[in-house]
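A single structure is presented below for examination.
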2 protein chains.
Amino acid sequence: MTHTGMLNAGATDSLADSIRGAGLKVTAPRLAVMRALAEAPHASADRIFGAVRIELPSTSLQAVYGVLAAFVTSGLVRKLEPAGSSALFERRVGDNHHHLVCTRCSAVHDVDCAIGSAPCLVPSDNAGFTVHAAEVTYWGLCPDCQTALAAEAAAERMLPA
Amino acid sequence: MTHTGMLNAGATDSLADSIRGAGLKVTAPRLAVMRALAEAPHASADRIFGAVRIELPSTSLQAVYGVLAAFVTSGLVRKLEPAGSSALFERRVGDNHHHLVCTRCSAVHDVDCAIGSAPCLVPSDNAGFTVHAAEVTYWGLCPDCQTALAAEAAAERMLPA
DNA sequence: CAGTTGTTTTGATGAAATCAAAATAACCGT
DNA sequence: ACGGTTATTTTGATTTCATCAAAACAACTG
């Protein structure tokens, strides 16, 4: 038994280890943010805040921003900023993967690289830039929104304006 | 000579035509925004506002936002939202091209597709999504920032903390 | 040239994120 | 286990970017 308590100690300890391993102090808000990200792999600061509050009601939104900034800086978490959404955070890092984003509901889904491990990494004309990363965002409709839109279209055919 | 005046009438008329062709009324603010985008191909609303004000001082920032929204909706202009920058607008549309973004100064440069006309368009596992577009952002250092960073590094070697 | 409709101005409002100072808790060494 | 140092979190204010709504105005139609 550890000082973190006995509930789910193994999982919590491995989280604690990864935080410590990044050179950061292990705190309750940090563990809670990690757990929230395990539940929701592409969550906004606000959504993480909501999840964290359940187990740790005294946590402030600014703390969540602070935790996320520390995680991003130390490479524990990746920050996404899809056009039209607020920033999202994910724990899957270091494996060059990309994202499908639904244009209707903003749902995000991971995709592995289509072409090897570094897709499109070298632009045809880099204009003297040194390229360090290539980020691919696929825009489309998630299955739910396809269904919903099809239903909408059917309804409109019933009531033609 | 046209009702738009004689100065640069040819270019202005072709701008007017493209605006009219998109089903929009031709107005002074709209022409000014188009001209600003010709000068600065990846400009923020705020920067466009600055440029527009020079020739048309009565224009409001909200008008610029309105003009840009109309242009984006009608396909005349494309809106970019690179992570960490405010939205940028460009007139180059309809030709599936991508962007190099400098991680230090946020400069943006166009790049044609590395792999054919629709790069990475089909993700390996689309999880049921219907994909309509793929957007690629290359992150790196522009030539100026490479030089600046190299100079910084050299300076630090002179004064080792 | 007048009417209709779309556009712009004016002014208010909202969401997301950041900054700074004071209070607090984690980790180190003993 | 305990105290000191340093990082973290809280508290509260602020900034930036963008949107909304109503009234004034200007472009296009016939």
Side-chain angles (χ1 to χ4, degrees), chain A residues 2-5 12-13 15-34 43-50 52-53 55-74 76-77 79-89 106, chain B residues 2-5 12-13 15-34 43-50 52-53 55-74 76-77 79-89 106:
Chain A
T2 74
H3 67 290
T4 58
T12 293
D13 282 357
L15 286 182
D17 287 347
S18 72
I19 293 171
R20 219 185 323 268
L24 298 171
K25 289 183 179 173
V26 177
T27 68
R30 284 176 175 174
L31 290 170
V33 166
M34 278 301 195
S44 65
D46 209 53
R47 179 152 173 219
I48 293 169
F49 177 53
V52 166
R53 274 208 143 166
E55 41 174 316
L56 216 60
S58 69
T59 311
S60 67
L61 176 59
Q62 287 81 345
V64 171
Y65 274 109
V67 167
L68 289 169
F71 284 176
V72 169
T73 300
S74 59
L76 247 32
V77 160
K79 183 183 191 179
L80 307 180
E81 301 179 56
S85 303
S86 44
L88 303 178
F89 298 86
S106 298
Chain B
T2 74
H3 67 290
T4 58
T12 292
D13 282 357
L15 286 182
D17 287 346
S18 72
I19 294 170
R20 220 185 321 268
L24 298 170
K25 288 184 180 171
V26 177
T27 68
R30 284 176 176 173
L31 291 170
V33 166
M34 279 301 195
S44 66
D46 209 53
R47 180 154 171 216
I48 293 169
F49 177 53
V52 167
R53 275 208 141 167
E55 41 173 319
L56 217 59
S58 68
T59 312
S60 67
L61 176 58
Q62 287 81 343
V64 171
Y65 274 109
V67 168
L68 290 169
F71 284 175
V72 170
T73 301
S74 59
L76 247 32
V77 159
K79 183 182 189 179
L80 308 179
E81 301 180 56
S85 303
S86 44
L88 303 178
F89 299 86
S106 297

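Note on naming: letters A, B, ... go to the chains in the order of the sequence lines (proteins, then strands), and numbering restarts at 1 for each one.
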Review point. In whole Å, what is the span from the CG atom of A:Leu24 to the C1' atom of D:dT9?
Key: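 Those two atoms, CG and C1', are 14 Å apart.
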Point to revise | Heavy-atom side-chain contact between A:Phe71 and A:Arg30 under 4.5 Å | key: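 Side-chain contact under 4.5 Å: yes.
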Review point. Which residue lies toward the 5' end of DNA chain D, B:Ala28 or B:Leu88, if each is placed at its nearest nucleotide?
Key: B:Leu88
Check your understanding: Expressed in angstrom and rounded to an integer, what is the separation of A:Leu31 atom CG from C:dA25 atom P?
Key -> 16 Å
Point to revise | Contact nearer the 5' end of DNA chain C, comparing B:Gly66 with B:Lys25 | key: B:Lys25
Check your understanding: In whole angstroms, how far is the P atom of D:dC20 from the OH atom of B:Tyr65?
Key -> 13 Å
Practice item. For A:Ser60, report the nucleic acid contact type (base, sugar-phosphate, nothing); a contact means any heavy atom under 4.0 Å. Key: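 Here A:Ser60 touches the bases of the nucleic acid.
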**Study point:** Value in whole Å for how far the P atom of D:dT16 lies from CD of A:Glu81
**Key:** 17 Å
Check your understanding: Looking at the side chain of A:Val67, which of D:dC17, D:dT9, C:dT8 is the nearest nucleotide?
Key ->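 It is D:dT9.
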Point to revise | Protein-nucleotide distance (B:Gln62, atom CD; D:dA23, atom P), rounded to Å | key: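 Rounded to the whole Å, the gap is 17 Å.
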Review point. What is the nucleic acid contact for B:Leu61, judged by heavy atoms within less than 4.0 Å: base, sugar-phosphate only, or nothing?
Key: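 No contact.
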Check your understanding: With sugar-phosphate meaning primed atoms plus P, OP1 and OP2, does B:Thr59 contact a base, only sugar-phosphate, or nothing at under 4.0 Å between heavy atoms?
Key ->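 Sugar-phosphate, backbone atoms only, no base.
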Check your understanding: Is any side-chain nitrogen or oxygen of B:Thr27 closer than 4.0 Å to OP1 or OP2 of C:dT8?
Key -> yes
Check your understanding: Do B:Pro29 and B:Val52 come within less than 4.5 Å of each other through their side chains, counting heavy atoms only?
Key ->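 The answer is no, as the side chains (C-beta and beyond) never meet within the 4.5 Å cut-off.
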Point to revise | Heavy-atom side-chain proximity of B:Leu88 to B:Arg47 below 4.5 angstrom | key: no
Check your understanding: Base, sugar-phosphate, or nothing for B:Ser58, non-hydrogen atoms under 4.0 angstrom?
Key ->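 Here B:Ser58 touches the backbone only, sparing every base.
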Exercise for review: Taking only the side-chain nitrogens and oxygens of A:Arg20, find out if one of them lies under 4.0 Å from OP1 or OP2 of C:dC27.
Suggested key: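 For C:dC27, OP1 or OP2 has a side-chain N or O of A:Arg20 closer than 4.0 Å.
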Review point. Whole-Å distance between C:dT7 P and B:Phe71 CZ?
Key: 10 Å
**Study point:** 5'-most by nearest nucleotide on DNA chain D - A:Ala70 or B:Ala45
**Key:**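 Upstream on the strand: A:Ala70.
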Review point. Does A:Asp17 reach the side chain of A:Arg20, with side-chain heavy atoms less than 4.5 Å apart?
Key: yes
**Study point:** Atom-pair distance (CG on B:Leu80; P on D:dC17), nearest Å
**Key:**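 Spelled out: CG on B:Leu80 to P on D:dC17 is 16 Å.
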Exercise for review: Give the rounded distance in Å between these two atoms: CG of A:Leu56 and P of D:dT8.
Suggested key: 16 Å
Check your understanding: Any side-chain heavy atom of B:Ser74 within less than 4.5 Å of one from B:Leu24?
Key ->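 B:Ser74 vs B:Leu24: side chains touch.
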